[in-house]
Amino acid sequence: AGDVIIVAFSAETDKANLPDTLTKAQVDSMLSFSQPLGSAYTGFWTGRSELLITIGGASTAVGQFPTIGELTVTVNATAKLRNYPPNSAAITRTSSTLTGGFGPNQITISLLTADDPLDATSTYEVGDKIIVSFSADTNRANQGTGVIPKADVDKLLVFSHSIGANYDARWASRSSFEVTVHDKTGAAPPLISVFSLSIPASADLRNFPSTSYPAVISSPLLGGDFGPSPITIVSIV
């Protein structure tokens, strides 16, 4: 409750001949929403080109609140919202999807883990993985569930040290991101308890369903291992 959605128009309107302060019924007479806003909300014209909608009673049920990147707003033809002074046809437009956020992002990187799925070697090699484990479900940074190429991995993750010339990744779940190396040329390499990574705001990683601002987070130092230890005890004297 108390969150605000700002609907900005490209030019001054006649405010659909409504008062500056709008009830929920008046907001609904003018606008249709692609997702529920909650049980109670009001509107306020800050000017002829900007409407503030204040949510007073939001539901916590999944699918019963607006989400970033999904909610759209449509002006109802019956509202007869026009330019100002009014001389154009009534507006019947749909907005782009909702941007911004309803609060800070609470997601963290809980674990950063090195893994050799085959335990084939004791060193960093082709086929090894770096697994990023998040503290909660994410929007997958708007990426799909298939293989994500290096160029898109680099938009999501900033590495403290080079991990090689080629790698890709996939979301194993909404809270687990697995990077697989395919060419280790130029790798630092990533070392246990030394390597880390971060995620910038530009990656647009958010909670799921998306209501928060983008995450800006850093990982703990790399744990796990890239294979079995080659060390043996050669003698005791």
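Note that this is a predicted model, so its numbers are computed, not measured.
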S.K.: Are any side-chain N or O atoms of Arg170 and backbone N or O atoms of Gly146, one a donor and one an acceptor, separated by less than 3.5 Å?
M.R.: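 No, Arg170 side chain to Gly146 backbone: no donor-acceptor pair under 3.5 Å.
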S.K.: State, without any angle test, whether Glu70 and Ser210 hold a side-chain donor-acceptor pair at a distance under 3.5 Å.
M.R.: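 No pair is found: no donor N or O on one side chain lies under 3.5 Å from an acceptor on the other.
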S.K.: How long is the span from the CD atom in Glu178 to the CD1 atom in Ile148, to the nearest 0.5 Å?
M.R.: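 With rounding to 0.5 Å, CD (Glu178) is 11.0 Å from CD1 (Ile148).
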S.K.: Look at the aromatic rings of Phe159 and Tyr167 and report parallel, tilted or perpendicular, splitting at 30° and 60°.
M.R.: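 Perpendicular: the ring planes of Phe159 and Tyr167 meet at over 60°.
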S.K.: Around atom NZ of Lys129, are there more than 12 heavy atoms of other residues, nucleotides or ligands at under 6.0 Å?
M.R.: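 More than 12 heavy atoms, drawn from other residues, nucleotides or ligands, come within 6.0 Å of this atom.
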S.K.: Would you say Val7 and Ser95 make side-chain contact, with heavy atoms under 4.5 Å?
M.R.: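 A side-chain contact is absent here, since even the closest heavy-atom pair is not under 4.5 Å.
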S.K.: Go through the steps to decide whether Ser212 and Gln106 satisfy the test side chain to side chain donor-acceptor pair (under 3.5 Å), and finish with yes or no.
M.R.: CA-CA 8 Å; Ser212 69; Gln106 302 297 326; over 6 Å; no
S.K.: Would you confirm whether Asp128, through its side chain, and Glu125, through its main-chain N or O, come within 3.5 Å as a donor-acceptor pair?
M.R.: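 Between the backbone of Glu125 and the side chain of Asp128 there is a qualifying donor-acceptor contact (under 3.5 Å).
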S.K.: Starting from Val179, can I reach Trp171 by hopping between I/L/V/M/F/W/Y residues whose side chains sit under 4.5 Å apart?
M.R.: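 The answer is yes; both residues are in one hydrophobic cluster.
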S.K.: Can you confirm whether the side chains of Thr108 and Ser135 place a donor and an acceptor under 3.5 Å from each other?
M.R.: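 Thr108 vs Ser135: donor-acceptor pair found between side chains.
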S.K.: Going hydrophobic residue to hydrophobic residue with side-chain gaps under 4.5 angstrom, can you get from Leu98 over to Val75?
M.R.: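 Leu98 clusters together with Val75.
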S.K.: Determine the minimum heavy-atom distance between Pro189 and Tyr124, stating which atoms define it.
M.R.: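 Between these two residues, the closest heavy atoms are CB-CD2, 3.7 Å.
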S.K.: If I take atom CE from residue Met30 and atom OG1 from residue Thr78, how far apart are they, to the nearest 0.5 angstrom?
M.R.: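 It comes to 11.0 Å.
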S.K.: May I ask you to test the Leu205-Asn139 pair for a side-chain heavy-atom distance under 4.5 Å?
M.R.: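 Answer yes - side chains close enough.
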S.K.: Taking the inter-plane angle between the rings of His161 and Phe195 on a 0 to 90° scale, is it parallel (under 30°), tilted (30 to 60°) or perpendicular (over 60°)?
M.R.: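 Tilted: the ring planes of His161 and Phe195 meet at 30° to 60°.
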S.K.: Rounded at 0.5 Å granularity, tell me how far CG in Asp168 sits from NE2 in His182.
M.R.: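 The distance works out to 3.0 Å.
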S.K.: Can you measure from CZ (Phe208) to CZ (Arg140) and round to the nearest 0.5 angstrom?
M.R.: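 Separation between the atoms: 7.5 Å.
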S.K.: Taking C-beta and beyond as the side chain, do Leu81 and Ile91 meet within less than 4.5 Å on heavy atoms?
M.R.: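 Yes - at least one pair of side-chain heavy atoms lies under 4.5 Å apart.
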S.K.: With a 4.5 Å heavy-atom cut-off, do Leu111 and Pro220 have their side chains touching?
M.R.: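 No, too far: nothing below the 4.5 Å cut-off.
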S.K.: Are Phe134 and Tyr213 linked, directly or through other ILVMFWY residues, by side chains that come within less than 4.5 angstrom of each other?
M.R.: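 Different clusters.
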S.K.: Is there a path of hydrophobic side-chain contacts, each under 4.5 Å between heavy atoms of I, L, V, M, F, W or Y residues, that connects Val126 with Leu222?
M.R.: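 Unlinked, Val126 and Leu222 end up in two clusters.
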S.K.: Without swapping roles, check the side chain of Ser88 against the backbone of Arg82 for a donor-acceptor pair under 3.5 Å.
M.R.: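 Not confirmed, Ser88 side chain does not pair with Arg82 backbone.
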S.K.: Would you indicate whether the side-chain heavy atoms of Phe44 and Val4 approach each other to under 4.5 Å?
M.R.: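 Contact flag for Val4/Phe44 side chains = no.
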S.K.: Shortest non-hydrogen contact from Pro209 to Thr67?
M.R.: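 Distance-wise, the nearest heavy atoms are CB-CG2, 3.6 Å.
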S.K.: Between Val27 and Thr42, is any pair of side-chain heavy atoms under 4.5 Å apart?
M.R.: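 No - every pair of side-chain heavy atoms lies 4.5 Å or more apart.
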S.K.: Between Ile55 and Ile5, is there a side-chain heavy-atom distance shorter than 4.5 Å?
M.R.: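 Of all side-chain heavy-atom pairs linking Ile55 with Ile5, at least one is under 4.5 Å.
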S.K.: Kindly say whether Asp28 contributes a backbone atom to a donor-acceptor pair with the side chain of Asn76 at under 3.5 angstrom?
M.R.: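 Yes, because the side chain of Asn76 sits within donor-acceptor range (under 3.5 Å) of the backbone of Asp28.
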S.K.: Can you give me the closest heavy-atom contact between Leu221 and Ser196, atom names plus distance?
M.R.: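 Leu221 and Ser196 have their closest heavy atoms at CD2-CB, 4.1 Å.
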S.K.: Looking at every non-hydrogen atom in both residues, tell me the closest pair between Val158 and Pro200 and how far apart they are.
M.R.: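 Residues Val158 and Pro200, closest heavy atoms: CG2-CD, 4.1 Å.
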S.K.: Looking at side-chain heavy atoms only, is the closest gap between Thr72 and Thr97 below 4.5 Å?
M.R.: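 Side-chain contact under 4.5 Å: yes.
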S.K.: Is a side-chain donor-acceptor pair under 3.5 Å present for Thr185 with Asp183?
M.R.: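 Indeed, the side chains of Asp183 and Thr185 share at least one donor-acceptor pair under 3.5 Å.
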S.K.: Can you tell me how far CG of Leu157 sits from CD1 of Ile130, rounded to the nearest 0.5 angstrom?
M.R.: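 With rounding to 0.5 Å, CD1 (Ile130) is 9.0 Å from CG (Leu157).
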S.K.: To the closest 0.5 Å, what do you measure between OG (Ser34) and CG (Leu71)?
M.R.: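 Ser34 OG to Leu71 CG: 4.5 Å, rounded to 0.5 Å.
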S.K.: Search all heavy atoms of Ala169 against all heavy atoms of Val153 and return the closest pair with its distance.
M.R.: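 Answer, listing the atom of Ala169 first, then Val153: CB-CG2, 3.6 Å.
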S.K.: Salt-bridged, Asp204 to Arg206, with N to O below 4.0 Å?
M.R.: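 Looking at Arg206 together with Asp204, the answer is yes, because their closest N to O distance falls below 4.0 Å.
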S.K.: As a quick check of understanding, evaluate side chain to side chain contact (heavy atoms under 4.5 Å, CB included) for Leu31 and Ile53, giving each step before the final call.
M.R.: CA-CA 11 Å; Leu31 303 175; Ile53 300 172; 4.0 Å; yes
S.K.: Over all heavy atoms of both residues, which pair between Ser218 and Ser198 is shortest? Give the atoms and the distance, please.
M.R.: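 Scanning both residues completely, I find the closest heavy atoms to be OG-CB, 3.7 Å.
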S.K.: Is there a path of hydrophobic side-chain contacts, each under 4.5 Å between heavy atoms of I, L, V, M, F, W or Y residues, that connects Ile199 with Ile68?
M.R.: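 Result: no, two separate clusters.
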